[in-house]
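Heads up, the thing below is written out as structure tokens.
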There are 2 protein chains.
Amino acid sequence: MAGIRAAQKEKTRRALIQAAMNQLSAEHGYASLSLREVAREAGIAPTSFYRHFQNMEELGLTLVDEGGLTLRQLLRQSRQQIAKGGSIIRASVTTFMEFVSNNTAIFRLLLQEKSGNSRDFRLAVTREVEHFTAELVDYLVAEQKFTRELAELQADAIVRIVFSAGADALDADNKEKQRLTEQTIAQLRIVARGAEATRLAAKTQE
Amino acid sequence: MAGIRAAQKEKTRRALIQAAMNQLSAEHGYASLSLREVAREAGIAPTSFYRHFQNMEELGLTLVDEGGLTLRQLLRQSRQQIAKGGSIIRASVTTFMEFVSNNTAIFRLLLQEKSGNSRDFRLAVTREVEHFTAELVDYLVAEQKFTRELAELQADAIVRIVFSAGADALDADNKEKQRLTEQTIAQLRIVARGAEATRLAAKTQE
DNA sequence: GAATTGCGTGAACAAGCGTTCACTGACATA
DNA sequence: TATGTCAGTGAACGCTTGTTCACGCAATTC
């Protein structure tokens, strides 16, 4: 049959993931997430948790994966904005900041666990961010004709600046977010100028 | 008298702080720090903890303050390196990376609590990092004759890049640290070039 | 020398935690 | 229709947690 049973299982699994997400907030991080509370919010007995995940750690890694998916969604959305024309930098930063505002919990998780206390978590988050950087490198090489080396330096710097500003944006009110966005745009322009100047300097030397 | 009593109190207070530091590691963060364990390591009864701090939170904020002190030490050390001559960027980044290696626990605390779950903590860490940025702004204005506006953009970008790289360095082996250091130096040079180019562009427009 | 202050203590508390176990009952299979 | 599978259960476990309380005893004050 259609697996009415498997469907139900998937449903409670999603309920657990959603419950965990809901409990993540500015005051209450992954480390202080409790199996019993998550189960309670998902509407199942604590023991049933084990039918879906071996550990809280396994749940956590699943959450990080979801965060990675979200980041990829963000990339797609950014590309669409860029395709519309206009300033690439402005479009990207604006999209990123909007995304942070709309997916606060998941970004908080990613940012927190990036320097968190589980090696597996850190690696998982690093992997997602690296994927993000790699996409940016490809763009810089393909569209802007940078050497791979310079593109990598530039992309890494951009990602560091943007994610760091994103972290600050989590706590910020709208006005502060606006300021952060403009600041980040100006900084990325400086980086772009610097990379351009570096490219020219390298060419002259040839 | 000389306060043999007050001295003893200060001594156990230091023991508590030290014990808390010791328990901070890559696997065990502030959030999962326990009053009882800290007291145990400090060699006092759990109840005695309250003679020195009202909360674990108060202990935590003290740790952050210690971290701030450490950062200021770092600034001083950087200035000494710069005074010796040679590349300012290289000297600063190298000093920073060494400092991260030698004060792993405290940096981990700062980086973690920067996007941690206590508002007070976040504010405390932000305050320390802002102090760091402010010093850099002053330097850029005084020594390199940047406008305050451009200096602030540049300094903020630099701090974001350096602290982010520092976070990665916490987990890295020596070879990776070396790579990170060189990468960061190259990135800061790009930023410096970009800021310089921006300054010239602004002047031309006058 | 007597009175006071205050650091450190051990017992006790209620609460919460993760995890185990044997069990139920609806769905899947044949 | 009979048999097997497995998501969900409720009781129970051993532990750790933060916090309170009244108390002892050494350093301090008068």
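All of these numbers come straight from a predicted model, not from anything done at the bench. Naming convention: chains lettered A, B, ... in sequence-line order (proteins, then strands); numbering from 1 in each chain.
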**Request:** Please work out which of the three classes, parallel, tilted or perpendicular, describes the rings of B:Phe163 and B:Phe107, given edges at 30° and 60°.
**Result:** tilted
**Request:** Inspect the contact between A:Arg36 and A:Glu41 and indicate whether a charged nitrogen and a carboxylate oxygen are less than 4.0 angstrom apart.
**Result:** no
**Prompt:** Counting any heavy atom closer than 4.0 Å, what does B:Arg40 reach on the DNA or RNA strands: base, sugar-phosphate only, or nothing?
**Reply:** sugar-phosphate
**Request:** Please work out if B:Glu37 contacts a base, only the sugar-phosphate, or nothing of the nucleic acid, heavy-atom cut-off 4.0 Å.
**Result:** sugar-phosphate
**Request:** Estimate the overall bend of the helix from C:dG1-D:dC30 to C:dA30-D:dT1 from the end axes over five pairs each, rounded to 10 degrees.
**Result:** 20°
**Nearest-nucleotide pick for A:Asn55, side chain only, options being C:dT5, C:dT19, C:dC17** = C:dT19
**Message:** Counting only side-chain nitrogens and oxygens, does B:Thr12 get under 4.0 Å of the OP1 or OP2 atom of C:dG8?
**Reply:** yes
**Prompt:** OP1 or OP2 of D:dT9 sitting under 4.0 Å from any side-chain N/O of A:Ser48?
**Reply:** yes
**Request:** Before accepting this row, confirm whether a basic side-chain N of the pair A:Lys177/A:Asp168 lies closer than 4.0 Å to the acidic partner's carboxylate O.
**Result:** no
**Message:** I need the OH-C1' distance between B:Tyr50 and D:dT17, as an integer number of Å.
**Reply:** 10 Å
**Asked** Roughly how many Å is it from NE2 in B:His52 to P in C:dT9, rounded to a whole number?
**Response** 9 Å
**Quiz item: B:Arg5 side-chain donor-acceptor pair to C:dC7 base, under 3.5 Å** = no
**Message:** What I want to check is whether the side chains of A:Asn174 and A:Gln178 have a donor and an acceptor closer together than 3.5 Å.
**Reply:** no
**Distance, rounded to the nearest Å, where B:Ile4 contributes CD1 and C:dG8 contributes C1'** = 15 Å
**Message:** Both B:Arg51 and B:Met56 contact DNA chain D. Taking the nearest nucleotide for each, which residue is further toward the 5' end?
**Reply:** B:Met56
**Asked** When rounded to the nearest 0.5 angstrom, what distance separates CG in B:Leu63 from CD in B:Glu113?
**Response** 9.5 Å
